[in-house]
S.K.: 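Once you've had a glance at the structure underneath, I'll fire off some questions.
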Number of protein chains: 2
Amino acid sequence: MHDTVMKETGLRAAGCRNVSPVLNRIGDKWSVLIVMILAAGPRRFNELKREIDGISQRMLTLTLRGLERDGLVSRTVDPTVPPRVTYALTDLGVSLTGPVEALGSWAIEHIGCIRSAQDRFDAAHEAATRGQ
Amino acid sequence: MHDTVMKETGLRAAGCRNVSPVLNRIGDKWSVLIVMILAAGPRRFNELKREIDGISQRMLTLTLRGLERDGLVSRTVDPTVPPRVTYALTDLGVSLTGPVEALGSWAIEHIGCIRSAQDRFDAAHEAATRGQ
DNA sequence: CCGGATCCTATCTGATACTG
DNA sequence: CAGTATCAGATAGGATCCGG
């Protein structure tokens, strides 16, 4: 990002290409939740599964694989039997919690505003649709 | 939300219920991009369509409706013929740009780290899969 | 110019069953 | 315990045509 002059459009386009993959990850159904739980400390597979409640085994595996692939989460296998696999946030994963918490704060702060906007919109839309 | 004592788990669960809808919005394919473009000033429908390049008419309409429903974007119809419809960020929408830019900065800052992690992961995984 | 309606495909997700 | 494999349903997204 050391281009001396960069048009706003160029900056935005470049930003988007970089931001998109991150958004795809944090935008999925479980990633942020898992990152936030792991922010409180490492967990084993079934601890996560119990703690999340609603996630399928499959999605937990898939999401953890994705997070591991992106370098946000580390996976440590304890070669015992039965196996113990521990997941933890990497430094990169920890650094993500900041921005995500910022977004979370915004959401909590404005959720009332959003919900009332939705209600107003739905009411208006329902009124327009009533005649059909 | 007036429980006097709330366990960490409860707090997290409550936070999640509030954050999830927001994540669903900003996690989708186009919302953040549109918000960021509108942050630079109001646009008309086809201006957005041209500027985004790759979005289908359908998705632009759908995404704008969603943003409007959430109170992030305002839609103003100029009752001329042909009609002019102008989209702009609401105050709520403007307030979202802060956290989103924070996330964007994080993404830009760490994208190299992420990509190399992915390459390492893919290389390791490919090696493990080679023998099949 | 704006956008609704329809059709079709790709991807995501969950349920279930099976394995080291 | 910690996964993998497979199947079926839900959902997102694009292409296209039509209407105000």
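Sequence lines set the chain letters: A, B, ... in the order given, protein chains first and strands last, and positions in each chain run from 1.
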S.K.: Taking CG from A:L64 and P from D:dC1, how many angstroms apart are they, rounded to a whole number?
M.R.: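 Distance, rounded to whole Å: 16 Å.
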S.K.: Please give the angle, rounded to 10 degrees, between the axes at the start and the end of the helix from C:dC1-D:dG20 to C:dG20-D:dC1, where five pairs define each axis.
M.R.: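 Computed from the C1' atoms at both ends, the axes differ by 40°.
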S.K.: Under the salt bridge (charged side-chain N to carboxylate O under 4.0 Å, His left out) rule, collect the residues that match up with A:D78, sequence neighbours excluded.
M.R.: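 A:D78 satisfies salt bridge (charged side-chain N to carboxylate O under 4.0 Å, His left out) with no other residue.
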S.K.: Any chain of hydrophobic side-chain contacts (each under 4.5 Å) joining A:I52 to A:M36?
M.R.: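 Both belong to a single hydrophobic cluster.
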S.K.: Return the value, rounded to whole Å, for the distance between atom CD1 of B:I52 and atom P of C:dC2.
M.R.: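 Interatomic distance, CD1 of B:I52 to P of C:dC2: 13 Å.
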S.K.: Below 4.5 Å, heavy atoms only, C-beta onward: do B:V35 and B:V100 meet side chain to side chain?
M.R.: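 When only atoms from C-beta onward are counted, B:V100 and B:V35 do not touch, as no gap falls below 4.5 Å.
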S.K.: Please tabulate, for side-chain N and O atoms in residues 54-65 of chain B, each donor-acceptor pair with protein atoms closer than 3.5 Å (sequence neighbours left out).
M.R.:
{"from": "B:S56", "atom 1": "OG", "to": "B:M59", "atom 2": "N", "distance (Å)": "3.2"}
{"from": "B:T61", "atom 1": "OG1", "to": "B:Q57", "atom 2": "O", "distance (Å)": "3.1"}
{"from": "B:T63", "atom 1": "OG1", "to": "B:M59", "atom 2": "O", "distance (Å)": "2.6"}

S.K.: In whole angstrom, give the distance that lies between atom CD of A:E47 and atom C1' of D:dA2.
M.R.: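 My rounded result for the distance is 13 Å.
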S.K.: Report all side-chain donor-acceptor pairs from residues 79-90 of chain A shorter than 3.5 Å, counting only partners two or more places apart or in another chain.
M.R.:
{"from": "A:T80", "atom 1": "OG1", "to": "A:P82", "atom 2": "O", "distance (Å)": "2.9"}
{"from": "A:Y87", "atom 1": "OH", "to": "A:R75", "atom 2": "NE", "distance (Å)": "3.3"}
{"from": "A:T90", "atom 1": "OG1", "to": "A:G71", "atom 2": "O", "distance (Å)": "2.6"}
{"from": "A:T90", "atom 1": "OG1", "to": "A:L72", "atom 2": "O", "distance (Å)": "3.1"}
{"from": "A:T90", "atom 1": "OG1", "to": "A:L92", "atom 2": "N", "distance (Å)": "3.4"}
{"from": "A:T90", "atom 1": "OG1", "to": "A:G93", "atom 2": "N", "distance (Å)": "3.1"}

S.K.: What is the separation between atom CD on A:E68 and atom P on D:dA2, rounded to the nearest whole Å?
M.R.: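 So the two atoms are 14 Å apart, to the nearest Å.
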S.K.: Whether B:R44 contacts C:dC2 is assessed here as follows: a side-chain N or O lying under 4.0 Å from the phosphate OP1 or OP2. Is that the case?
M.R.: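 Answer is yes, contact under 4.0 Å.
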S.K.: Which whole-number value in Å describes the distance from B:R25 CZ to D:dT11 P?
M.R.: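 Rounding to the nearest Å, CZ of B:R25 and P of D:dT11 are 15 Å apart.
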S.K.: Any sub-3.5 Å donor-acceptor pair from A:S31's side-chain atoms to A:D28's backbone N or O?
M.R.: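 The answer is no, because no donor-acceptor pair under 3.5 Å joins these two groups.
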S.K.: Between B:N46 (side chain) and B:K49 (backbone), is there a donor-acceptor pair under 3.5 Å?
M.R.: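 Such a contact is absent between B:N46 side chain and B:K49 backbone.
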S.K.: Below 4.0 angstrom from OP1 or OP2 of D:dT4, is there any side-chain N or O of A:R65?
M.R.: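 Checking D:dT4 against A:R65, a side-chain N or O does come within under 4.0 Å of OP1 or OP2.
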S.K.: Nearest-Å distance, CG (A:N46) to C1' (D:dG3)?
M.R.: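 Rounding to the nearest Å, CG of A:N46 and C1' of D:dG3 are 10 Å apart.
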S.K.: Please list, chain by chain and in numerical order, all residues satisfying ring pair (Phe, Tyr, Trp, His ring centres under 6.0 Å) with B:W106, sequence neighbours excluded.
M.R.: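 B:W106 satisfies ring pair (Phe, Tyr, Trp, His ring centres under 6.0 Å) with B:H110 only.
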S.K.: Using a cut-off of strictly less than 4.0 Å, decide whether A:Y87 has a side-chain nitrogen or oxygen near OP1 or OP2 of D:dC1.
M.R.: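 Looking at the OP1 and OP2 atoms of D:dC1, neither is under 4.0 Å from any side-chain N or O of A:Y87.
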S.K.: If I take atom CG in residue A:L60 and atom C1' in nucleotide C:dT16, what distance separates them, rounded to the nearest angstrom?
M.R.: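 It is 17 Å, rounded to the nearest whole Å.
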S.K.: When you look at B:S116 and B:D119, which way does the side chain to side chain donor-acceptor pair (under 3.5 Å) test go after all the steps?
M.R.: CA-CA 5 Å; B:S116 62; B:D119 290 345; over 6 Å; no
S.K.: Detail all sub-3.5 Å separations between protein N/O atoms and N/O atoms belonging to nucleotides 12-17 of chain D.
M.R.:
{"from": "D:dG13", "atom 1": "N7", "to": "B:R58", "atom 2": "NH2", "distance (Å)": "3.1"}
{"from": "D:dG14", "atom 1": "OP1", "to": "B:K29", "atom 2": "NZ", "distance (Å)": "3.2"}
{"from": "D:dG14", "atom 1": "N7", "to": "B:R58", "atom 2": "NE", "distance (Å)": "3.1"}
{"from": "D:dG14", "atom 1": "O6", "to": "B:R58", "atom 2": "NE", "distance (Å)": "3.0"}

S.K.: Specify the separation, in whole Å, of atom CZ of B:R50 and atom P of C:dC2.
M.R.: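 From B:R50 CZ to C:dC2 P: 8 Å.
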